[in-house]
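Just so you know, ligand 1 is whichever comes first in the structure, and atom 1 is the first atom listed for that ligand. All values below come from the heavy atoms of this structure, side chains included, with hydrogens, waters and symmetry mates left out.
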Amino acid sequence: MSDFRQKCLGGERLIGTFAAVPHPVTVEVTAAAGVDFLCIDAEHSQIGRELIENLIRASDVHRVPAIVRVPGHAPESIAGVLDAGAAGVLVPRVSTAAQAKAAVMATRYPPLGERGVGPGRAAGYGYRIPDYLKRANDEILLAVQIETAEGLAKVEEIVSVEGVDVIFIGPGDLSVSINALGPQGAEKLEAAILTIAKAARAAGKAVGIFRPSPDDVGKWTDAEISFYLIASDTMILGAGVASAVKAARSA
Ligand code: 3PY
Ligand code: MG
């Protein structure tokens, strides 16, 4: 098993961020800055399939595992990023056990799943297929997002799906889907997050969450959430520039 997957499954706290800027320089800078992993966001950024491989390569320069949030559930987009060398996938908007099972099938080679064999970067461009086949099922991380009202209602069936490693909570979509927006919805949203985290832990799954800032990581760690995506390169860049400019203006 890869160190990365082992740490995830063991519930070790891991801190990463989303890569949303479609350029390898940003990924290289982020990877060098000390994250435990990063997640290339192909769902909500304009990062296309051809660029993903170079972004993974940029992360590899600093030996930082790069997972990819795929745009949807299509097995071919999951296979494409794994062939490019991603350390795992984050599958958004998983609302049923059938969708979670399909993600397992797309991520694992037979007999565990239905991933197709090909000469991609992960398999040494075809020169190391047998070696890659031996280790891929063991090394690749599968995280699925629960972030809809349906997913919340069906949480027990989703967390029971064998082969899912991390249940990742998307509070933004969840708050919209269950109508828990803004400060008035905070209590409802928190209860939903805790319901998902508790069910996932009871089923032996690691739990992850997106947080826009690191401020409340301690609180969520107390709820046994261990896998964090904190903001994104665009959010951190904007906040850093704003704070430097503010400091300079008040000097
Ligand atoms: C959400 O909050 O909806 C997310 O998907 C965060 O990653
Ligand atoms: Mg979301």
Side-chain angles (χ1 to χ4, degrees), residues 8 13-22 26-27 30 35-47 52 55 65-74 77-78 81 86-96 99-100 103 141-155 158-159 164-197 200 205-217 219-221 223 225-239:
C8 290
R13 189 163 76 177
L14 297 174
I15 309 292
T17 189
F18 274 115
V21 175
T26 323
V27 168
T30 305
V35 287
D36 295 316
F37 71 103
L38 55 84
C39 181
I40 297 163
D41 188 7
E43 183 196 16
H44 285 304
S45 78
Q46 302 310 319
I47 294 172
I52 286 173
L55 299 187
I67 67 171
V68 177
R69 177 157 72 178
V70 286
H73 299 177
S77 56
I78 292 176
V81 304
V89 285
L90 176 60
V91 181
R93 308 182 70 78
V94 169
S95 301
T96 65
Q99 289 171 346
L141 185 83
L142 172 59
V144 304
Q145 285 192 245
I146 296 189
E147 52 179 348
T148 63
E150 187 185 7
L152 176 63
K154 295 183 176 163
V155 61
I158 297 171
V159 300
V164 170
D165 298 323
V166 178
I167 299 293
F168 188 85
I169 301 160
D173 274 306
L174 192 58
S175 66
V176 173
S177 186
I178 65 172
N179 194 18
L181 279 169
Q184 322 84 281
E187 223 173 285
K188 188 175 178 187
L189 180 60
E190 181 159 337
I193 291 172
L194 290 174
T195 299
I196 297 168
K205 302 288 200 266
V207 190
I209 195 166
F210 172 77
R211 300 310 299 145
S213 93
D215 296 349
D216 57 5
V217 165
K219 167 179 146 185
W220 296 115
T221 302
I225 297 182
S226 55
F227 182 93
Y228 291 90
L229 282 166
I230 307 294
S232 66
D233 47 15
T234 51
M235 292 169 76
I236 293 168
L237 175 65

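- Looking at heavy atoms from C-beta onward, I193 lies in side-chain contact with W220 at the 4.5 angstrom threshold.
- With hydrogens and angles ignored, the 3.5 Å screen pairs a side-chain donor or acceptor of H73 with a backbone N or O of P92.
- For ligand 1, residues of the protein lying within 4.0 angstrom by heavy-atom distance are F18, R69, Q145, E147, F168, G170, P171, G172, D173, F210.
- A search for ring pair (Phe, Tyr, Trp, His ring centres under 6.0 Å) contacts involving F210 returns F18, not counting sequence neighbours.
- For T234, the side chain to side chain donor-acceptor pair (under 3.5 Å) partners at least two apart in sequence or on another chain are S232.
- Counting only distances under 2.8 Å, and ignoring water, the protein N, O or S atoms around the Mg ion (ligand 2) are E147 OE1, D173 OD2.
- Nearest heavy atom pair, residue E43 against residue V70, reads CB-O, 3.8 Å.
- Residues C39 and L90 meet the side-chain proximity criterion, which asks for heavy atoms closer than 4.5 Å.
- Looking at heavy atoms from C-beta onward, L14 lies out of side-chain contact with S226 at the 4.5 angstrom threshold.
- For S177 (side chain) and A149 (main-chain N/O), a donor-acceptor pair under 3.5 Å exists by modelled atom type.
- Looking at heavy atoms from C-beta onward, R93 lies out of side-chain contact with Q145 at the 4.5 angstrom threshold.
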